[in-house]
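This report concerns only the one structure given below.
So you know, we letter chains A, B, ... as the sequences are listed, proteins then strands, and number each from 1.
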Amino acid sequence: MKPSTIWADKLKKLTGVFFWLAIWQFAAMKIGKEVLLASPVSTIKALISLCGQSVFWSAIIFSLTRIMLGFALALVTGVLLAGLSAVYDAVRYIFAPLFNVIKAVPVASFIILALLWVRGGNLSICISFLMVLPIIYNNMLAGFTRVDKSLLEMAAVFRLSNMKKIKYIYIPQVLPYFTAACTTSLGLCWKSGIAAEVIGMPAGSMGNRLYETKLYMDTPEMFAWTVVIVIISFVVEKGFLWLLDKITARITDGFL
Amino acid sequence: MNIEIKNLSKSYNGTPVLENLSLMLTNAKPVCLMGPSGRGKTTLFSILLGLIKADSGSITGIENKQFSAVFQEDRLCRQLSALMNLAIVQDNPDKAQLAGLLKKMGLTDDEIRRPVSQLSGGQKRRVAILRSLVSDSDIVLMDEPFKGLDDDTRRVVINQVKDLLAGRILMVITHDEQDAELLGGDIVEL
């Protein structure tokens, strides 16, 4: 694509953003009550004020580390269980009902149930883990079971080592499923983790801060926190996919 | 080195595909299996490779022997280059030597290092043939290996096969008598 076309495309997207910001500002001015609808200007002011507070940054670190830990645990568990399920049918039959239940039960039910068992601080780890696990498992299982059988036969005839089979047959064919699983689950993981914190209210978390804004009817700060959550979700997703791209490029460099 | 196939039979859903087939494969001369479709050539190929089991009969002389093969489909790793597709079947590959062999098969420097998914059907076929020959095996089986190659390329490839065979047993499934002639093999009609 030409640079001029790229800029034109970006300009069109920005126009859309500014259009909705203008609508938001107009609606806030029309309503005239910040408690009901904070304007973009007061949201930005609240955000700037938050950025100057150390508790703001510590809340981000608190939530980010826990939610990402839940994601990482789900990633490892999901890949391992999917690998085992692809090899042993028994494992697949044992876990299928469990994952179907996890997918069907509303997040709120899980959060309330988990509160009985898990300390508030660890609630977001538990919830993000539970929400992500079935997505990773199902995607990876689909990837593993669709690996080209004729290539596996070839590998058996040529006596390729397990290491070579993993590197040259499994990874290239499973990688698209892994990327899709991560893209789908990262956003969900972040949102469900924050929802768990709002209900569980662990001290020092973003969810707790968000809940407090509701208690004190501080709508601009509530909007500011929401903006922060959206930005972090976006950055985490893009950052993770960038990292995955780099790792994939490193692996595939050795293919040529 | 001999492989003796005795009274080999195989049926699919009650339909016999191979019936009491007996055959001797030696490293003195390639064996070219010919015959119309459905006569069990590929079934025999799969039985020898251990991919399917025969219903009855015996095969002797393959104990502790290693196979390499050209399948009906290329079965190459599509993301890998031609060079890497050869290198992965060796324990300590000499990439310069492998590149030289690929060039003899008519591939250019650029084509050797491109993912095989970007090569033409004929080029992929040549890589698959070469892979079976550079692998450390005792027995080479080829199922319609020269399919899709033009006459000139076919001659070059068959000469390479003869050069690289180095005393191994070769069984080729083909529909073309000329292939058998060029290979200097015995024709066995199924």
Side-chain angles (χ1 to χ4, degrees), chain A residues 1 79 82-83 86-89 139-183 240-256, chain B residues 42 45-52 62 64-93 95 99 109-119 124 127-128 130-143:
Chain A
M1 207 186 284
V79 171
V87 180
Y88 306 107
D89 278 348
N139 271 276
M140 294 306 290
L141 183 59
F144 284 133
T145 48
R146 282 170 205 166
V147 166
D148 190 343
K149 301 284 184 294
S150 67
L151 280 185
L152 295 178
E153 277 185 359
M154 178 280 291
V157 168
F158 284 95
R159 304 164 302 284
L160 297 194
S161 64
N162 284 336
M163 206 57 217
K164 281 182 179 174
K165 274 192 239 175
I166 290 171
K167 187 172 178 188
Y168 299 119
I169 297 176
Y170 280 101
I171 290 183
Q173 294 194 41
V174 167
L175 208 57
Y177 291 90
F178 182 75
T179 309
C182 291
T183 313
F240 188 86
L241 293 178
W242 175 84
L243 194 67
L244 202 59
D245 254 11
K246 292 280 159 203
I247 295 168
T248 310
R250 265 201 101 147
I251 295 171
T252 49
D253 267 356
F255 288 179
L256 303 176
Chain B
T42 300
F45 175 90
S46 300
I47 292 172
L48 284 167
L49 289 178
L51 302 175
I52 55 171
I62 57 168
N64 304 317
K65 295 283 186 290
Q66 301 199 325
F67 284 88
S68 60
V70 178
F71 298 87
Q72 250 180 23
E73 325 79 41
D74 301 313
R75 300 200 189 185
L76 298 169
C77 298
R78 5 191 359 259
Q79 296 88 347
L80 267 62
S81 65
L83 186 61
M84 279 304 293
N85 265 289
L86 302 190
I88 62 167
V89 299
Q90 293 188 332
D91 289 333
N92 297 302
K95 287 191 181 171
D109 267 327
D110 173 54
E111 286 159 353
I112 287 168
R113 288 178 172 79
R114 220 188 272 168
V116 285
S117 56
Q118 295 175 14
L119 300 182
K124 285 181 203 165
V127 177
L130 205 45
R131 179 178 63 182
S132 72
L133 296 165
V134 300
S135 165
D136 182 20
S137 60
D138 307 295
I139 301 148
V140 184
L141 306 181
M142 298 184 174
D143 194 352

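- Side-chain atoms of Asn85(B) and Tyr168(A), non-hydrogen and from C-beta on, never get closer than 4.5 Å to each other.
- At least one donor-acceptor pair under 3.5 Å links the side chain of Arg159(A) to the backbone N or O of Phe67(B).
- Around NZ of Lys149(A), the count of heavy atoms belonging to other residues, nucleotides or ligands within 6.0 Å exceeds 12.
- Interface remark: of the candidates Ile88(B), Ile112(B), Asp91(B), Ile88(B) forms the most heavy-atom pairs closer than 4.5 Å to chain A.
- Distance check, rounded to the nearest 0.5 Å: CD of Gln79(B) to CD1 of Ile171(A) gives 11.0 Å.
- Contacts between Leu76(B) and chain A at a heavy-atom distance below 4.5 Å involve the backbone alone (N, CA, C, O).
- The candidate from Glu73(B), Arg78(B), Arg131(B), Arg75(B) with the greatest count of non-hydrogen atom pairs under 4.5 Å with chain A is Arg75(B).
- Nearest heavy atom pair, residue Cys77(B) against residue Ile169(A), reads SG-CG1, 4.2 Å.
- Proximity to chain A (any heavy atom under 4.5 Å) is restricted, for Leu51(B), to the side chain, taken from C-beta onward.
- Using a 4.5 Å cut-off between heavy atoms, Ser135(B) touches chain A through its side chain atoms alone.
- Put simply, the side chain of Phe158(A) reaches to within 4.5 Å of the side chain of Ser68(B), judged on heavy atoms.
- Heavy atoms of Gln90(B) lying under 4.5 Å from chain A belong exclusively to its backbone.
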